[in-house]
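Below: the structure, in structure tokens.
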Number of protein chains: 2
Amino acid sequence: MEIDQILNNIYPLPESSKSVIKKYISEISYPKGHILLRADKIETSIYFIKKGIVRAYANSADNEITFFFGKEGDTVISMKSYVANEKGYEDIELLEHCDLYELKTQNLQQLFEKDIAIANWGRKFAEQELIKTEERLIFREFRTAKERYIELLTNNPDLIKRVQLGHIASYLGITQVSLSRIRAEVK
Amino acid sequence: MEIDQILNNIYPLPESSKSVIKKYISEISYPKGHILLRADKIETSIYFIKKGIVRAYANSADNEITFFFGKEGDTVISMKSYVANEKGYEDIELLEHCDLYELKTQNLQQLFEKDIAIANWGRKFAEQELIKTEERLIFREFRTAKERYIELLTNNPDLIKRVQLGHIASYLGITQVSLSRIRAEVK
DNA sequence: AGGAAAATTTTACAAATGATAAAAAATACG
DNA sequence: CGTATTTTTTATCATTTGTAAAATTTTCCT
């Protein structure tokens with residue numbers, strides 16, 4: 001997906017503001033398996049996915065939990081670094097070879113102070129991510145694991161093709177064994 | 001909590017911008033039990049809590065889930081109405097008599113377009129809510145119900161005194177019976 | 001204070017999910 | 001193509017959490 005479309009999908013920007021942002025954006029590619037963002041670091045860039053798929057996962061003592069998948073058009077960001085300038089809780093791993101647009105957070109922060117259209121674009125970006133996160137938080141509680149799987153299968157069929165089931169299970173909040181049981185039932 | 005402090009806690013604003021916002025803010029009180037925001041409505045106001053405590057809950061066919069408590073200094077908002085101008089998924093009920101500051105969304109939206117400091121204040125507001133929501137989504141998965149209860153007890157001891165346990169249980173993602181079991185163990 | 005209503009706890013049983021281990025299947029790669 | 005590795009499935013048993021109903025405690029109202 002091209003950068004113009006990605007920026008506009010978040011919030012329509014006047015051409016002049018869009019050009020200003022694009023001056024600070026560069027393209028970069030990394031291979032499958034590359035760790036793009038690290039939990040123990042204050043990250044200084046955000047990325048938009050041109051092509052490919054990534055996952056965000058957090059670690060605790062004994063297990064690892066995948067809580068986000070990003071694909072074409074999505075933003076890859078350590079929210080904690082971006083918002084609070086503190087290290088985050090997640091690593092982000094590329095699950096395929098990825099073509100990315102990179103933007104230095106610092107440059108964007110400066111634009112927020114100077115360009116009201118960009119400030120409102122940044123506001124809309126946060127608001128939309130918030131809605132998505134809130135919906136996941138709420139609706140997780142209303143559905144059984146089986147329903148959550150079926151919903152993912154319906155809304156995001158390609159995800160299940162592109163991502164291994166262990167990660168999907170973790171994203172759904174269950175073990176891989178449970179997911180296997182569910183898949184056997186649903187089929 | 002006074003409105004100046006609430007606004008500043010979100011993001012420090014120049015006095016001039018703060019005065020502009022305050023022109024559109026009025027005070028209002030409602031009794032315990034009042035439903036402040038409704039799931040089936042596009043809400044046109046947001047509120048800041050001067051005094052009191054509220055809960056947000058969503059309904060599905062068979063059960064009701066509390067997913068947010070707000071107290072002094074917190075913002076009460078139908079995020080879906082505010083962000084997307086669509087009806088939300090939650091009712092908000094006052095659990096005590098509440099003194100509130102009310103701000104019409106429409107007025108705020110207009111200020112976003114005119115005042116860059118206010119636009120960035122709105123951005124920071126969304127970003128901070130996002131961080132809080134994301135943390136809840138992630139850390140819920142890492143802790144057992146018992147750990148989540150103990151954490152709430154530690155970080156928010158007054159909540160457990162002010163709110164009935166059925167709501168707390170729902171917030172923790174467990175049944176009231178489970179919470180009772182946990183409380184019997186922990187004591 | 002007294003009694004009704006609401007909230008909380010307890011108990012018994014059922015269902016869902018987890019842990020572990022091992023087999024089967026799919027994939028990667030020399 | 002064949003072997004090693006990874007991923008997925010299957011089976012068993014243990015644990016957690018849920019459901020329902022009764023018992024107890026607290027709150028609220030007159």
Side-chain angles (χ1 to χ4, degrees), chain A residues 31-35 53 55 57 59-67 69 93-97 139-153 157-187, chain B residues 31-35 52-53 55 57-67 69 93-97 139-153 157-187:
Chain A
K32 176 174 174 170
H34 177 77
I35 306 295
I53 195 162
R55 75 177 178 113
Y57 60 96
N59 281 290
S60 75
D62 44 349
N63 61 341
E64 170 194 296
I65 288 164
T66 295
F67 63 93
F69 294 110
E93 176 193 4
L94 309 191
L95 300 177
E96 298 174 352
H97 171 99
F139 288 111
R140 151 153 314 187
E141 300 302 316
F142 283 115
R143 308 213 198 296
T144 63
K146 195 201 288 187
E147 288 167 336
R148 296 204 297 275
Y149 172 70
I150 290 170
E151 196 170 300
L152 190 67
L153 202 61
D158 61 320
L159 205 65
I160 285 157
K161 281 179 208 133
R162 291 167 81 181
V163 176
Q164 68 190 53
L165 293 174
H167 296 330
I168 302 273
S170 168
Y171 179 80
L172 292 171
I174 54 178
T175 59
Q176 178 160 357
V177 174
S178 277
L179 179 56
S180 248
R181 274 195 285 243
I182 289 168
R183 283 164 58 85
E185 276 184 81
V186 169
K187 235 176 266 164
Chain B
K32 176 175 175 170
H34 177 76
I35 306 294
I53 194 162
R55 76 178 177 112
Y57 60 96
N59 281 290
S60 76
D62 44 350
N63 61 342
E64 171 194 296
I65 287 165
T66 295
F67 63 91
F69 294 110
E93 177 193 4
L94 309 191
L95 299 178
E96 299 173 353
H97 170 97
F139 288 111
R140 152 152 313 188
E141 300 302 317
F142 282 115
R143 310 217 196 292
T144 62
K146 194 200 291 187
E147 289 168 334
R148 296 203 298 276
Y149 172 70
I150 291 170
E151 196 169 301
L152 190 67
L153 203 61
D158 62 318
L159 205 66
I160 286 159
K161 282 178 207 134
R162 291 166 80 181
V163 176
Q164 68 191 53
L165 291 173
H167 297 329
I168 302 274
S170 169
Y171 179 81
L172 292 171
I174 54 179
T175 61
Q176 180 161 358
V177 174
S178 278
L179 179 56
S180 248
R181 275 193 283 242
I182 289 167
R183 283 164 57 86
E185 276 185 81
V186 169
K187 235 177 267 165

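These numbers were taken from a predicted model, which means no experiment stands behind them. Proteins come first, then strands; the chains are lettered A, B, ... in the order of their sequence lines, and each starts at number 1.
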Problem - Of B:H167 and B:R181, the one whose closest DNA chain C nucleotide lies more 5' - result: B:H167
To the nearest Å, give me how far apart [atom1] ([X]) and [atom2] ([N]) are.
| X | N | atom1 | atom2 | result |
| --- | --- | --- | --- | --- |
| A:K32 | D:dT6 | NZ | P | 13 Å |
| B:Q176 | D:dA21 | CD | C1' | 14 Å |
| A:L165 | D:dT10 | CG | P | 12 Å |
| A:R143 | C:dA16 | CZ | C1' | 18 Å |
| B:Q164 | C:dA6 | CD | P | 11 Å |
| B:I168 | C:dT9 | CD1 | P | 11 Å |
| B:I182 | D:dT16 | CD1 | C1' | 10 Å |
| B:E185 | D:dT16 | CD | P | 9 Å |

Practice task
Look at A:S178 and C:dT17 and indicate whether a side-chain polar atom (N or O) is within less than 4.0 Å of OP1 or OP2.
Solution key: no
Problem - N/O (side chain, A:T175) to phosphate O (OP1/OP2, C:dG18) under 4.0 Å - result: yes
Exercise for the section: Please say which of A:I174, A:L153, A:V163 ends up in a side chain to side chain contact (heavy atoms under 4.5 Å, CB included) with A:I168. Expected result: A:V163
Practice task
Using atom types as modelled and distance alone, determine if a side-chain donor or acceptor of A:R143 lies under 3.5 Å from a backbone N or O of A:R148.
Solution key: no
Practice task
State whether the side chain of A:T66 and the backbone N or O of A:S170 hold a donor-acceptor pair below 3.5 Å, judged by distance alone.
Solution key: no
Practice task
Measure across B:Y149 and B:I160 and return the closest heavy-atom pair with its distance rounded to 0.1 Å.
Solution key: CE1-CD1, 4.0 Å
Practice task
Look at the side chain of A:A145 and decide which nucleotide, out of C:dT17, D:dT17, D:dT10, has an atom nearest to it.
Solution key: C:dT17
Handout entry: Which nucleotide in D:dT7, C:dT10, C:dT20 has an atom nearest any side-chain atom of B:A184
Key = C:dT10
Practice task
With heavy atoms under 4.0 Å as the rule, sort B:I174 into base, sugar-phosphate or nothing.
Solution key: sugar-phosphate
Practice task
Decide yes or no on side chain to side chain contact (heavy atoms under 4.5 Å, CB included) for A:E147 and A:F142, but give the supporting numbers first.
Solution key: CA-CA 9 Å; A:E147 288 167 336; A:F142 283 115; over 6 Å; no
